[in-house]
Structure formats: C-alpha cells, structure tokens
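Basis for what follows: all heavy atoms, side chains included, without hydrogens, waters or symmetry-related copies. Chain letters run A, B, ... following the sequence lines, proteins first, then strands; residues in each count from 1.
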Amino acid sequence: MTFSIVTHEAGWKEDFLSYLYSNRPSNYHLNRKVQQLHKSMLVNGRELLSLKFMPMFQPLPHQINAAEKVIFDMNGSAILADEVGLGKTAEAAIILKELQLRHLATSVLILVPSSLAGQWQSELYNLGISSIIHKGKKEWRTYPVTIASIDLLKREPFRTIFTDLYFDLVIVDEAHKLSNPKTMNYQFVSSLQKTYLLLLTATPVQNKSEELFTLSTLVSPGLFEDKKEFKRMSLENSKIFHERMNSLMIRTRKKDTDIKWTKRNIEIKWLDQSGYERELYVAVEKAFRELKRVNTHQFTHLTLLKQGCSSSIALLKALKREQHKDLCHVLGPILNITPGQLETVKGKEILEIINKRKDKVLVFTQYRATQLYLQWYLKQHNVSSVMFRGGFKKGKKKWMTDLFRDHADVMIATEAGSEGLNLQFCSCVIHADLPWNPMKLEQRIGRIHRLGQEKDVEIIYLLNKNTIEERIWTLLENKVHLFEAIIGEHEQILSTERIEAEKYLEDALMNSRSEEEIKYKLNLLEDYLANEGVNHAERGLQTGN
Amino acid sequence: MLKEAYRLVIEYLKSNGAIVTESANKAAVQLSEQLDRKFMNRPFYWHYRDALNQSGDPLQIMLVDSPDTSNHKGFTQLNYDHPIFQSMLASAQEENRFYTAYEKAENQRDLFPWIHLQLTTGIIPPGPASIRIDSRISLTTGLILMNSHEKIPDLHLFETRPNGSVLHSNRIPYETALNILNTRFEKYCEQLLEENSEQHAAVLQKNKPDPSISIHHISAGLIYLCSP
C-alpha cells in the first residue's frame, strides 16, 4: 500500500518562512479565534461536517443517509435514483458541500438540462453554495461551482475546453440521458476528467436494464466485466449482484421514508361531447371506416381520435397534415368552422373547476393546439393563465413558474420540458387528456405531489364518454391489476419485464387494428405479467433492500 | 461551530478598523473604507470616488449568527451562508494563521525561540475521525514535542513581549527546524494510516484508490518560551 500526503494549503511553508524573516506584526488574539474555529471543525468518524455548515437547511433522514453512504461507503461517486420528489438535488448539495469542506472538491461542474440551471443555482444558493451558470458566451469568471447545460458543453468549442479541465466533482442531473453509450451526452461525460461523479435520475432504466450497465460504466467502471456479465448476473439475481448494485446506486422510495405524504384524491369525470366537437369526432370515425372499406386505412386513427378527445382544434390541426389528405377529402365541409364552434366540453369543465376551487390549478395536455385553445378559452371567461412547454427558453420557463406562483391561478402545461419543475404551491392537477405512457402520468402528478406539498392533492381526469378514451379506460379498468402492475409498482426500476410490458401496452393500444386485437394483446400481456413479472417481483429484483 | 465563525469575523472586522455594535445574535458593523473596498464588491463606486478625489461612504452591514428574516433598513444583512461573510471568514483565517507570542514568567527573563505548528489531518477516503495535531520544536536544542504521542503541556502565551525579557536567537535555522518537524510528522502519518489499517483493507477491497492523508487548517507561530 502506498501512502501520500496531500496538503490543501500549498505554499504554507514558504509563506511562514517569509513571515519569520519579515518581522511582520501579528495578532495572536485573532489567531486564537482561528484555532478555536479549526478545533470546532474536527469531525468524528462518519460524521457529516456539512450539516453543521448549512444552518438554513433541515435535511430529511433519507437524504442524510444517502449522503453518508456516498461519502463514506461509495467513495463519492454514485447514481442517486430516488423517486420523483424526494429531493435528489438536496442530497447532491449535501455531498457537494461535504466534499468542499473536506477540501476534496475545489472545482465542481454541474450538468443539467438548460431549463433547470436557474433552479439548481437558486437551490444551491439557499443551501449556502454559490455558483455561476455558464451561459455559452466566452466565460471569464472562474468559480468553484459551475452549472452548465450538457447540450451546450457537449459541442465544440466548449467540448474541448471542458475536457481539458479537471473537475473534482461532476454532477449530472436527469442522467438517464446518458444511458446510451453512442450518444454525445455519454461520450462527453465519459471524457471529462474527474474524481467524483454523481448521476441523478429518478428513472435510471427507461427501456432496458442494460441502460443501468451503461451508467455503471461511468460511475464505477469495471464493476461489471461487460454487458453480458451484467445481464447474466441480473437474471441470476444473486447476492453479489445486489451488493454490487448497492455499491453503485442509492434508490429511496416514497414508501421507505418517514415523510407523511399528503393524500392523493383521484376523481374521474366522464363528459359527453356535444355540438361540433361530437360531430367532428363521429365524422372522423366514420371516414376511417369508409377508408378501411376501400383499403386505404393507415392505422393512425387511434392517434387522431385521441386528439379529437383532447380538443377539436387539436384534431383539426392534425388533419391539416399531408398524410391525412384523403381523410380530409372524405370529411368535406365539416372542416369549415367558426371559432364559436370550437368550444369543448372539457374546456367548460376546466373552467367550472377553476371557478369552484378559487385556488391554483395545473392543467396538463399532450397537445400544443389544446394548450393554446384552453388559454384562449379561459381568457374569454376572464381567467388568466400561463403556459409552460418544452420550447420555452430557461429564462421564460422560470418566469412562467414565477408568474404562476405569484399571479396567475392556472398553468397549462405540456409534459415536454416539465422535468424537474417544482410546483408544490399548487395542489390540483387536471389531466385534459391521457398520455399513452403511464409513467408520464406519474411525472405530471410528481410536479405537485412532492416534498413541500402541504395539502392533499386533487387529481382530476377528464375523459370523454363514447370515445376512444372510454374504450381504453374500460379495458384498463377491467384489468386493474395489470394497470397497477405497471403504474403502481413503477418504482421497481430494475424490473425489465415491467418496462417492456409498458411498451407492449402502448403497442397494443396504438397499433392494433381492432378492439378485439387490443383485448387479445392485453390478455397475453396479463398472462405474461402474471407468470413472469410477479415472479420477478417476488424475487425482489430491486435495490435498496 | 457557526458561533466560532461569527466571533472570528467580528473580531477580524474590529481589528481592521470597523465599528461594531453587538446585540444578542446580531452585530451592526460600520465598515472601514479598507474593508469596504476589500469585501463589498463595489469597484465602480470606489473608482468613481477615487477619480473625483473624494472620500467614499463605506457600507454598514448587519451580521446575524442565526437564520433571520427580519429586514434591517440601510444595512446589508450577512449570515453565515452569504458569500461576503464567507470571504471575510476566509480572509480572517488566511491573514491570521501565523503569529508571534511570548510566555510570561515572574522570575524568568530569558526566553528561547520555538516553532509552534498546529494542523488538522484527515484520511482520504473519508471515514475516520480527523485529528488536530499540536507540535513544537525548539530552535535552541531541537527538542520536538508532538501531542500525537503524548499530552504536551498547554501553553499560556501573550501577544506582547514581557518587560525586561531577553530573547535568545535561534541556533537551528528556521528551514531546518521545519524540515525536521515535517519528517517527524510524515512518520506520524504513516502510523496513523497503519492504525486505521482495518478500514483501509475494506477500502481496498472495494477497488478504491490508495488512502492518503490530507492536511489542512495549518497554523504556525514563532513562540518564545522560558525553557530552551
């Protein structure tokens, strides 16, 4: 074993000799105070010094445990994969501060989606850690903690500049974006010179369990020999595999914490489409049957009908595309409308809910057209709202969030770009339409049902009767345990079967040619989960156990 | 710990010409021009004043030792987390890590030079407790005392030289003394790592890098004691 001594105050000997020879006046009284401070900064074994230094911050037990584990057992590098809303940022901040106080991290790089840079900066500032955001221009400031967008730095000229630098600690937020080794994201992070690495993601596995292997190659290269070994060990589900995973990743689930989470009150509202909205929907359905008869059916009808359930304008906008030319030809004069005809039953219902609640409401939709329509519709009824979508620049996103918190009562958002959004001050979410991916529902709800939420959360689903939404909902409701297996247990992130099941579910709903085919595929999926998925769960293939 | 930091910053500001009015958990500070220029990040203001050959108005700050949401009109409020407080704290430590002090004894006029060194050691990767090492070497006899092995007598030192005292010059050059102390210290570090060998064995099993000793919070002084 070779030992080395690292002095964090390089040049002190020369400085001291210079002091001795210069006969400079000194202040022994102040030196005594300095020494008292240094004595108070001594730590016992496995004691987090950072907790003493963050007086404004009251960390939760699971956050302290995670920080202790990373600092003392995982050598400062780990995947922090807590569930959405459990405060991964705070955990990373404790670790950062601890490494700083122990003189182990003097240069820190935090890579985040550009929309979250401001949020990271303000959260770190609240915890007493100052930082700068690299804006992409020629940056003249040097600072111990730099926050930057990974999309900016992975490209030249910044790529070369940053890969030439050395960082003591690199933190990557939304690290699931590194799960493909062929991407620039992965290659950039891999090429950074660093001592400690923290990867933050609530969903380290999106599609395949191998993605976790890819992340492991960044945090702890050599933990698994290769992908084959990882796959074999994960299938064997051995004790060694669990030990290795525990040395790599920390995953806290909401149910594992002592936090008293507020309730989720779920309400499903069945609404009858009426007027033009219904006419258009029925006409599109009918036109599809007609096209199917003449064999030019393109199997995209489910998507169009889904858009029709969101709003007439979303459907009309989709019909404008070149691929739907034939369909428009069949539909004919029904496509000529006046703005007054655009009113939807969901719009009316949302307005009624907002008027009744007199409290902040977050509305989610998948479609931009519906988003614009809802804002226009609410404005017609003197309800001001703010919009939030992926295309906004980070400054605008922060501005919109601030406006929603301080002024507006309603935010209409699309899922895109809402990652990491903290809206605990709002306690009601309305799903104006349903995404195919059940994970997205959880992501939507996670915006408001997270740490800091003090009220019970109202979750309202608006669904149209006698439409595709009813058919899908009924199918899912009849197979409630199937639904729970995918949504309810989604935290079992290593369960490849469940992730794949989600893919099958989407395939069954999106690509089936008939309702019978959907039923048949779902039955197969149900059998599969009963035989494989449950067994898998019983084997307990999950970390943190 | 925060209290110690708070006290240090107040004393540091006082010693640099600030006027401090203290109450239970806060202190109003009228900064001196020198302190304002150094910490308050107002280069344009001071440049403008200098260009006009006018004296400036240094800022008033309110130091609070615990989280405080009250608004102090006319004062810049600084708590521990504030970057300005942090830079004041860093300067207070940096500027006062070296000192000269004297022992006082009624019947002793001769005072002999020693070098006094205090530092904190920690082990990387983190885990074991950190240790504050207190050591000193006589510049007359080369005698070394280090509290790692035995409890060394506490010193009662004063900033001012006692009246009528005779200071002996050093026989061992400062550089040599520091090198001797350093060699002894490195040996001690090796012992420290060996004492923690069990933990390191575990560390090595986990494919972690070789452990090392980190040194920080160094404070050194030239002291004059009654004993050579």
Side-chain angles (χ1 to χ4, degrees), chain A residues 1-9 12-13 15-17 19-21 23-47 49 52-56 71-76 98-99 102-104 125-130 195 220 222-223 247, chain B residues 1-5 7-8 11-12 15 66-67 79-83 86 92-93 95-101 118 120 122 124-132 157-159 174-175 178 182 186 189-190 193 200 203-204 206-222:
Chain A
M1 201 185 295
T2 52
F3 300 135
S4 59
I5 297 175
V6 186
T7 310
H8 297 288
E9 291 166 36
W12 74 270
K13 266 190 215 166
D15 293 346
F16 183 48
L17 286 171
Y19 167 80
L20 290 172
Y21 287 118
N23 285 324
R24 279 202 308 267
S26 69
N27 190 332
Y28 182 60
H29 168 67
L30 270 178
N31 178 269
R32 300 266 299 173
K33 297 276 176 212
V34 172
Q35 290 191 38
Q36 278 170 14
L37 175 70
H38 290 168
K39 276 179 192 163
S40 74
M41 289 167 78
L42 291 172
V43 280
N44 296 318
R46 293 184 71 92
E47 183 190 7
L49 195 55
K52 293 180 186 174
F53 279 79
M54 296 199 275
M56 308 282 275
I71 296 288
F72 301 121
D73 302 328
M74 300 168 92
N75 199 29
E98 187 68 29
L99 292 174
R102 289 174 181 265
H103 305 274
L104 298 174
Y125 186 81
N126 291 338
L127 300 174
I129 302 166
S130 308
T195 309
S220 185
L223 188 64
S247 71
Chain B
M1 186 283 312
L2 291 174
K3 288 271 179 202
E4 281 87 358
R7 284 299 334 152
L8 173 60
E11 295 298 326
Y12 172 72
S15 72
S66 55
N79 58 24
Y80 178 80
D81 291 337
H82 200 287
Q86 287 296 318
Q93 292 178 79
E95 291 170 26
N96 295 290
R97 56 182 181 154
F98 306 134
Y99 57 92
T100 306
Q118 287 159 299
T120 302
I124 306 171
S130 54
I131 300 168
R132 187 86 181 148
L157 302 174
F158 297 88
E159 198 168 311
Y174 296 133
E175 291 87 344
L178 277 176
N182 199 43
E186 280 179 7
C189 284
E190 278 184 29
L193 281 169
H200 296 132
V203 164
L204 286 175
K206 290 179 187 173
N207 294 324
K208 288 175 185 172
D210 285 339
S212 55
I213 294 270
S214 78
I215 301 169
H216 48 274
H217 295 158
I218 299 167
S219 175
L222 174 65

S.K.: Counting heavy-atom pairs under 4.5 Å with chain A, which one of B/Glu95, B/Arg7, B/Glu159 comes out on top?
M.R.: B/Glu159

S.K.: Among B/Ser214, B/Pro126, B/Ala92, which residue forms the greatest number of heavy-atom pairs with chain A at distances under 4.5 Å?
M.R.: B/Pro126

S.K.: So does B/His217 get a backbone contact from the side chain of B/Arg132, meaning a donor-acceptor N/O pair under 3.5 Å?
M.R.: yes

S.K.: What I want to find out is whether B/Glu4 reaches A/Lys39 closely enough, with some N-O distance under 4.0 Å, to be called a salt bridge.
M.R.: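 No, this pair does not count.
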
S.K.: Give, as side chain, backbone, both or neither, the part of A/His29 having an atom under 4.5 angstrom from any heavy atom of chain B.
M.R.: both

S.K.: Chain B heavy atoms under 4.5 Å from A/Leu104: which part of the residue, side chain, backbone, both or neither?
M.R.: side chain

S.K.: Checking heavy atoms, do the side chain of A/Ile71, its backbone, both or neither come under 4.5 Å from chain B?
M.R.: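 Backbone plus side chain of A/Ile71, per the 4.5 Å heavy-atom cut-off to chain B.
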
S.K.: Top residue by heavy-atom pair count (under 4.5 Å) with chain A, among B/Leu157, B/Leu222, B/Ile131?
M.R.: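 The residue among B/Leu157, B/Leu222, B/Ile131 with the greatest pair count is B/Leu157.
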
S.K.: For chain B, which of A/Lys13, A/Gln36, A/Arg32 has the most heavy-atom pairs under 4.5 Å?
M.R.: A/Lys13

S.K.: With a 4.5 angstrom heavy-atom cut-off, could you sort out which part of A/Ser247 is near chain B: side chain, backbone, both or neither?
M.R.: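 Neither the backbone nor the side chain of A/Ser247 comes within 4.5 Å of chain B.
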
S.K.: Taking ring pair (Phe, Tyr, Trp, His ring centres under 6.0 Å) as the criterion, tell me which of A/Tyr21, A/Phe16, A/Trp12, A/Tyr28 meets it with B/Phe98.
M.R.: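 The option that passes is A/Phe16.
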
S.K.: Of the backbone (N, CA, C, O) and the side chain (C-beta and beyond), which part of B/Ser15 lies under 4.5 Å from a heavy atom of chain A, both, or neither?
M.R.: side chain

